[in-house]
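For reference, the structure discussed in these notes is given below.
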Amino acid sequence: MAGARRATSRLERGPARVPCALGSGLAPRAAPGTAQRRPTLVPTPLTPGLAKSPGLRPGPWRHPRGQKRRPGGRAARRGGGASTRPHPGVRRGWGRSRTAAARPRETRSQPPPRAPPAQCSCAPPSLYSRGGSGAFSTRPQPGGSDSGPSIPLATMSASWIPVLCLGVCLLLLTEPAGSEGAVPIAITCFTRGLDIRKEKADVLCPGGCSLEEFSVFGNIVYASVSSICGAAIHRGVISKSGGPVRIYSLPGRENYSSVVANGIQSQTLSRWSTSFTVTKGKSGSQEATGQAASTARPATGKRLKKTPEKKTGNKDIAFLIDGSFNIGQRRFNLQKNFVGKVALMLGIGTEGPHVGLVQASEHPKIEFYLKNFTSAKDVLFAIKEVGFRGGNSNTGKALKHTAQKFFTTDAGVRKGIPKVVVVFIDGWPSDDIEEAGIVAREFGVNVFIVSVAKPIPEELGMVQDVAFIDKAVCRSNGFFSYHMPNWFGTTKYVKPLVQKLCSHEQMMCSKTCYNSVNIAFLIDGSSSVGDSNFRLMLEFASNIAKTFEISDIGAKIAAVQFTYDQHMEFGFTDYTTKENVLAVIRNIRYMSGGTATGDAISFTVRNVFGPVRDSPNKNFLVIVTDGQSYDDVRGPAAAAHDAGITIFSVGVAWAPLDDLKDMASKPKESHAFFTREFTGLEPIVSDVIRGICRDFLESQQ
């Protein structure tokens with residue numbers, strides 16, 4: 001007992017530690033002459049321990065799971081001996097002594113031997129006395145002589161096993177210093193902070209990213225919806241050529257500031273849930289490929305099912321929600337829930353549909369643009385944060401504002417992608433919506449109206465225009481309108497609406513070269529042509545015209561016949577259907593006479609293109625002639641070019657090439673055509689159509 005008391009007093013003064021073991025049950029060998037003495041290890045300053053409060057006697061060790069271990073410990077259960085009177089506070093059976101084989105085994109049955117675990121595990125704490133100077137020494141167990149000799153250092157090589165075990169544990173459980181971020185993750189120009197789900201990570205930004213396409217919120221500390229590469233360029237960490245960046249995750253904050261730096265205009269944001277900041281990263285061997293590296297790790301032994309991609313087609317969609325007093329706060333929240341469900345089913349993504357939100361009330365407010373969010377999760381969060389504004393339901397004012405201010409390149413509109421606005425109207429609008437619908441169609445926006453709770457007969461007297469839906473939508477054919485009786489139980493209406501929005505071929509109001517051009521035909525009716533050849537000229541014009549989507553808001557066609565005089569056969573606004581236009585062209589009567597092409601060009605610019613000079617459509621003039629003009633063509637053609645009219649000149653038979661090139665727009669080689677025979681006009685049809693679409697696309701860039 002005296003030895004136990006002395007050991008306890010040493011315990012009170014000395015530290016304890018938690019060694020790491022591989023579960024082998026090994027203990028240091030006893031020195032000769034100490035066969036009956038069970039040694040314990042004594043820590044040195046190299047083995048940090050857990051400080052004990054003075055006078056506190058430690059209790060029995062407990063398993064990490066909170067259960068007491070059976071007496072004797074793992075070594076005893078595996079056949080190793082255990083002292084019947086362990087050192088106070090020392091777990092029974094720690095280590096396996098050479099004397100264990102000489103002792104009789106315990107009378108109770110022992111479990112079968114188990115293989116040691118393969119992984120590193122933390123062993124239970126053992127209590128040591130303080131002693132030695134920089135080396136381990138052993139002291140006898142209670143039960144033997146309490147004044148037994150210390151084991152010499154040369155005979156205790158096994159005492160280093162816990163130290164070696166600790167080193168192995170550190171190698172297995174910890175990451176080597178400096179390994180983090182050694183190989184940066186290659187990301188794209190559009191990868192955002194929230195896409196990197198680590199507190200600290202090294203990434204590699206590609207070069208050649210367009211500064212205008214970056215979406216950055218804040219300064220120094222950026223909202224996690226910001227582009228990582230955009231934030232790094234904004235901060236000055238990298239240049240436009242890309243490079244390594246280290247990103248640190250930070251908590252969310254409020255009032256992200258707007259600052260112009262390094263060619264990037266960051267945006268303000270009132271609040272976001274998480275943030276990040278960037279510093280110069282470590283260079284690695286991995287090259288930036290423009291594709292984000294996957295960080296997902298599939299479970300071992302399981303094959304992950306491939307998630308089917310939603311093929312909804314690309315759309316740029318604006319949800320114009322009702323925020324007036326007509327709908328009220330409660331139904332406004334139900335409206336937001338419905339919009340969120342629609343957005344989720346659309347399959348929003350970087351290469352998929354993009355959505356934005358505008359609230360209509362007394363004054364329209366753009367809540368967020370197309371470029372702000374490219375994942376459904378972020379869009380749902382942004383919709384949830386939209387607050388109710390109240391006021392009159394000035395839907396027409398909001399629709400006009402959306403068509404003019406929302407669908408712009410700076411706001412994230414993509415070229416060649418159909419533009420759609422889904423207008424939610426609870427009841428009826430307070431202002432004129434017809435004019436706004438016309439403006440939207442002129443800007444190539446497909447207008448959908450989702451009406452809820454249509455006015456009852458007693459309320460029709462308060463409605464400014466009962467047929468407001470048909471006058472606002474892209475086409476009054478029933479496709480662009482949708483009705484729900486109320487805002488309750490609207491889940492069943494989500495899928496039918498999404499199917500309409502994803503029907504690409506129905507987006508007839510989208511601006512393309514086939515529905516956004518004005519084409520005038522200037523046809524030579526001189527006597528050298530002849531009636532039969534004149535019919536071939538008309539067929540040439542008809543084959544070009546029938547390719548385009550002719551309508552009141554689409555492509556428009558006009559025709560002028562000239563000799564010495566000029567005759568307008570029909571103007572751009574005379575016929576708005578393809579059938580009527582083709583019929584009128586076929587019925588043009590041959591005039592016969594001389595050839596004054598220069599005067600004819602001036603007449604067409606003044607009388608045909610003059611009335612539509614403010615049209616959003618691009619203007620084209622196709623001249624078909626068979627001979628040399630008696631007047632100058634250069635001056636009138638140059639005036640037409642200055643007026644924004646693109647000229648294609650088509651010559652037949654005796655038409656001089658110099659006149660054709662003088663009239664044609666640049667480059668001359670792709671806008672001037674010639675054929676020896678009138679039958680050769682047919683192959684030129686496809687060349688002219690391709691040229692019109694090429695010039696239209698170039699004008700949109």
Looking at side-chain heavy atoms only, is the closest gap between [X] and [Y] below 4.5 Å?
X    : Y    : value
S670 : R694 : yes
K500 : F448 : yes
E367 : V358 : no
Y222 : L250 : no
V450 : I425 : no
K618 : T646 : yes
V225 : F217 : yes
I321 : L357 : yes

*asked:* For the NZ atom on K336, are there more than 12 heavy atoms of other groups (residues, nucleotides or ligands in this structure) within a distance under 6.0 Å?
replied: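 Yes, enclosed.
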
_Flag if over 12 foreign heavy atoms under 6.0 Å of CZ, F479_ =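 Check passes, neighbour count above 12.
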
_Among T277, T279, D202, the one residue meeting side chain to side chain donor-acceptor pair (under 3.5 Å) with R246_ =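 The option that passes is D202.
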
*How would you list, by chain and number, every residue that makes a ring-ring contact (aromatic ring centres under 6.0 Å, His included) with F388, sequence neighbours excluded?*
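F388: ring-ring contact (aromatic ring centres under 6.0 Å, His included) contacts with F332.
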
*asked:* Going by ring-ring contact (aromatic ring centres under 6.0 Å, His included), name the residues that satisfy it together with Y248, two or more places apart in sequence or in a different chain.
replied: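 Expected list: none.
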
Exercise: do [X] and [Y] side chains pair donor with acceptor under 3.5 Å:
X    : Y    : value
S249 : K198 : no
S275 : Y256 : yes
H363 : K397 : yes
S241 : S239 : yes
T274 : S224 : yes

_Centre-to-centre under 6.0 Å for W272 and F373, is that the case here?_
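Close enough - the centres of the two rings lie under 6.0 Å apart.
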
*Can the ring centroids of H234 and F214 be said to lie less than 6.0 angstrom from one another?*
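For H234 and F214, the ring centres are not under 6.0 Å apart.
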
Side chains of residues 481-490: which donor-acceptor pairs under 3.5 Å do they make with residues two or more places apart or in other chains?
| from | atom 1 | to | atom 2 | distance (Å) |
| --- | --- | --- | --- | --- |
| Y482 | OH | Y493 | O | 3.3 |
| H483 | ND1 | S451 | O | 3.1 |
| H483 | ND1 | S451 | OG | 3.2 |
| N486 | OD1 | F488 | N | 2.9 |
| W487 | NE1 | D426 | OD2 | 2.7 |

Tell me the closest heavy-atom pair linking [X] and [Y], and the distance in Å.
X    : Y    : result
A223 : F276 : O-CE2, 3.3 Å
L501 : K315 : O-CE, 3.2 Å
G396 : A436 : O-CB, 3.1 Å
A343 : F319 : CB-CE1, 4.4 Å
L204 : G243 : CD1-C, 3.5 Å
N446 : C474 : OD1-SG, 3.8 Å

_With salt bridge (Lys or Arg N to Asp or Glu O under 4.0 Å) as the test, pick out the partner of D316 among K419, K371, R414._
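When salt bridge (Lys or Arg N to Asp or Glu O under 4.0 Å) is applied between D316 and each of K419, K371, R414, only R414 qualifies.
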
_Qualifying residues under side-chain hydrogen bond (donor to acceptor under 3.5 Å, both in side chains), relative to S324, sequence neighbours excluded_ =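 D322.
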
Name each donor-acceptor pair under 3.5 Å that joins a side chain in residues 401-409 to protein atoms two or more places apart or in another chain, with its distance.
| from | atom 1 | to | atom 2 | distance (Å) |
| --- | --- | --- | --- | --- |
| T402 | OG1 | A398 | O | 2.7 |
| T408 | OG1 | A411 | N | 3.3 |

_Contacts of type salt bridge (Lys or Arg N to Asp or Glu O under 4.0 Å), residue D470, not counting sequence neighbours_ =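 Scan of D470 (salt bridge (Lys or Arg N to Asp or Glu O under 4.0 Å), adjacent residues dropped) gives none.
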
*Return yes if some donor-acceptor pair links the side-chain N/O of Q359 with the main-chain N/O of G387 below 3.5 Å, else return no.*
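A pair under 3.5 Å: yes.
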
*Spell out, as yes or no, whether a donor-acceptor pair under 3.5 Å connects the side chain of D432 to the backbone of E434.*
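Answer holds: yes.
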
*Salt bridge between E435 and K400, side-chain N to carboxylate O under 4.0 Å?*
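Salt bridge: yes.
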
_Under 2.5 Å between the SG atoms: is that true for C205 and C229?_
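Yes; the two sulfurs sit under 2.5 Å apart.
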
